[in-house]
> 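Take a look at the following structure, please.
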Number of protein chains: 2
Amino acid sequence: MQELPIKITTDCNLYLKNPETSELGQRIVTNSIELINELGFEAFTFKKLGKKIKSNESSIYRYFESKHHLLVYLITWYWSWLEYRLVFATSNILDPEERLRIAVEIITKKVEQDFAFGYINEVLLFNIVIDEGSKAYYTKDVDEENEKGFFKPYKRLIKRLSDMVLGVNPNYIYPEMLMSTVIEGARKQRFFTEHLPGLTTTIKEDKDTIVSFFIQLVFHNLKNNV
Amino acid sequence: MQELPIKITTDCNLYLKNPETSELGQRIVTNSIELINELGFEAFTFKKLGKKIKSNESSIYRYFESKHHLLVYLITWYWSWLEYRLVFATSNILDPEERLRIAVEIITKKVEQDFAFGYINEVLLFNIVIDEGSKAYYTKDVDEENEKGFFKPYKRLIKRLSDMVLGVNPNYIYPEMLMSTVIEGARKQRFFTEHLPGLTTTIKEDKDTIVSFFIQLVFHNLKNNV
DNA sequence: TAAAATTAATAGTATTACTTTTATATTTGC
DNA sequence: GCAAATATAAAAGTAATACTATTAATTTTA
């Protein structure tokens, strides 16, 4: 079994039993990604997942308290993976502008290649992030779940990006707001491109309009704030 | 009965019977806004609403096919109301920059005052837009619902805003993307401010950080695109 | 005032998320 | 190597959900 460099720690309170630690746990994660992709989160149930992995509904409940917990786990895994890639891609870049440019590119671009990180298919997971991502926090229980630590990894990612913003312009006063607007905005524009094109812009000559737009947005904004 | 200047037309296919046209219909709308605020959309049911308006679950189904249809109706009413206010506030402004500034302010600022438009409480409706707004389109049926015309009023609003952007800078190439990023981004930042402050920035001295941020974002971006 | 339309009430369906219980494997400590 | 702890599977059950169908009562209107 391959070790994954991305760990969702216990202090996030996202699982009852760490799915990394058993074959069944891994099968739950792998197959839930496939099944949520196929059915959408609302139609996805632990019963159907149990059938798919030739196990039982009640066994899945040993790992995740609810299907909502499982969704948050998957989305969190994605943010942690993004942060990992971000650190990796920018570690040798000394120029702050170049660092930020690379960072914005990574957080806004499509995931098209399966990085084959263990039992997780990143391309399918990316689709879930686009289509179902905001369901992780649009709940009546956000505040409670936030206190439990559910969103720590996401906050850490935003913090890291904000620091890069300040590296380019230490006087900029909205670093967190800018970066969460970019990361969430890019997700939304992807969704619009796919389903509601009237709400977005696509430039045919551009390989990725969403990436270009957000890079321009960030840098034009920072340059005017001296 | 006061006439509402905001009409959700039949070609949006959002209702079975227009709730404006009867007292029961209006009670359904008024009270659903209160009840969704109170319980959140997931815990809200037609059964509970029926009890609240001292009518019956099945009667509500005569107006709205499902609770999802009702939610989309409410959100759509909000977009139409925003557009109405937008047109009203900018109709006499000739300077394109000033027009756009006013527009961005209107679409990003909080609704704190009940405009007392008939039977709709705009402050409560605004809360629903913040907390549940994106549930209107994050569904497996988006494409189908889009074809039915569910999102026409929202698209019209984005179109109108894009035209104002082009009024300021005719060479700007991402008008729709910029405006939907602003409108959706402002909603999300409001939610973060309330529930996940680690993902956003708040400046105490500023009366409304979200408005200031987005105005700056738009204008710095447009000025660098000649 | 009769017909049409609207509303109310009841009861029903299939499915959902999740729990409980019990039995059977599998792993682990000694 | 075997008992004890743990993990898994299976079945059955619960309360609630979203929605439908039917029927009856009430209101509107022609």
Side-chain angles (χ1 to χ4, degrees), chain A residues 1 10 13-32 35-36 38-74 132 135-136 138-141 144-145, chain B residues 1 10 13-32 35-36 38-74 132 135-136 138-141 144-145:
Chain A
M1 178 183 72
T10 323
N13 284 303
L14 288 170
Y15 47 73
L16 295 171
K17 182 182 171 173
N18 190 341
E20 280 180 50
T21 62
S22 79
E23 203 238 319
L24 180 67
Q26 296 180 17
R27 256 160 57 217
I28 288 172
V29 173
T30 307
N31 288 277
S32 66
L35 205 55
I36 293 172
E38 206 177 299
L39 306 173
F41 184 66
E42 273 68 40
F44 164 85
T45 69
F46 278 4
K47 198 161 210 163
K48 290 172 189 166
L49 178 58
K51 198 177 170 186
K52 188 176 162 76
I53 64 175
K54 287 177 179 64
S55 171
N56 198 270
E57 194 186 6
S58 56
S59 305
I60 304 165
Y61 278 105
R62 299 280 172 136
Y63 288 84
F64 294 100
E65 241 178 282
S66 69
K67 70 172 192 168
H68 176 251
H69 281 73
L70 171 55
L71 180 69
V72 182
Y73 177 87
L74 295 177
E132 327 279 2
K135 292 173 191 168
Y138 280 133
T139 328
K140 265 283 148 177
D141 306 318
E144 200 187 309
E145 294 180 351
Chain B
M1 177 184 75
T10 323
N13 283 304
L14 288 171
Y15 48 73
L16 295 170
K17 182 185 171 172
N18 190 342
E20 280 179 50
T21 62
S22 79
E23 204 239 319
L24 180 68
Q26 295 180 18
R27 257 160 57 219
I28 289 172
V29 172
T30 306
N31 288 277
S32 67
L35 206 55
I36 292 172
E38 207 178 298
L39 306 173
F41 184 66
E42 273 68 39
F44 165 85
T45 70
F46 278 5
K47 198 162 212 164
K48 291 172 189 166
L49 179 58
K51 199 176 170 186
K52 188 176 162 79
I53 62 175
K54 287 177 179 65
S55 172
N56 198 271
E57 194 186 4
S58 55
S59 304
I60 304 165
Y61 278 104
R62 298 283 172 134
Y63 288 84
F64 295 101
E65 239 178 283
S66 69
K67 71 172 191 167
H68 177 250
H69 282 73
L70 172 55
L71 179 69
V72 182
Y73 177 87
L74 295 177
E132 326 280 2
K135 291 173 191 168
Y138 280 134
T139 327
K140 265 282 149 179
D141 307 317
E144 200 187 309
E145 294 179 352

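Naming: A, B, ... by sequence-line order, numbering from 1 per chain.
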> Distance check needed: D/dA10 P versus A/Ile60 CD1, whole Å only.
12 Å

> In whole Å, I'd like the distance from the CZ atom of A/Arg27 to the P atom of D/dA7.
16 Å

> Heavy-atom contacts under 4.0 Å between residues 49-56 of chain B and DNA chain C, which residues?
B/Ser55, B/Asn56

> Is the backbone N or O of A/Val29 less than 3.5 Å from a side-chain atom of A/Ser32, with the two atoms forming a donor-acceptor pair by type?
yes

> Could you state the atom-to-atom distance from CZ of A/Arg62 to C1' of C/dT19 in whole Å?
11 Å

> Atom NZ of residue position A/Lys140 - does it have more than 12 heavy atoms of other residues, nucleotides or ligands inside 6.0 Å?
yes

> Heavy atoms under 4.0 Å, any strand shown: does A/Phe64 hit a base, just sugar-phosphate, or nothing?
nothing

> Could you check how far NZ of A/Lys17 sits from C1' of D/dT8, rounded to whole Å?
9 Å

> Show, in sequence, the C-alpha distance, side-chain angles and deciding distance for A/Asp141 and A/Thr139, and conclude whether the side chain to side chain donor-acceptor pair (under 3.5 Å) test is met.
CA-CA 5 Å; A/Asp141 306 318; A/Thr139 328; over 6 Å; no

> List, with names and distances, any nitrogen or oxygen atoms from the protein found under 3.5 Å away from nitrogen or oxygen atoms belonging to nucleotides 17-20 of chain D.
from	atom 1	to	atom 2	distance (Å)
D/dA18	OP1	B/Lys67	NZ	2.7
D/dC19	OP2	B/Lys67	N	3.4
D/dC19	N4	B/Glu57	OE1	3.4
D/dC19	N4	B/Glu57	OE2	3.1

> Any donor-acceptor pair under 3.5 Å linking the side-chain atoms of B/Tyr61 with those of B/Ser66?
no

> Give me the one residue out of A/Tyr15, A/Phe41, A/Phe46 that meets side-chain contact (heavy atoms from CB on, under 4.5 Å) with A/Leu70.
A/Phe46

> Taking side chain as C-beta onward, heavy atoms only, is B/Phe64 less than 4.5 Å from B/Leu16?
no

> In whole angstrom, what separates A/Gln26's CD from D/dA7's P?
15 Å

> For a 4.5 angstrom cut-off between non-hydrogen side-chain atoms, does A/Glu132 reach A/Glu42?
yes

> Without swapping roles, check the side chain of B/Glu57 against the backbone of B/Gly50 for a donor-acceptor pair under 3.5 Å.
no

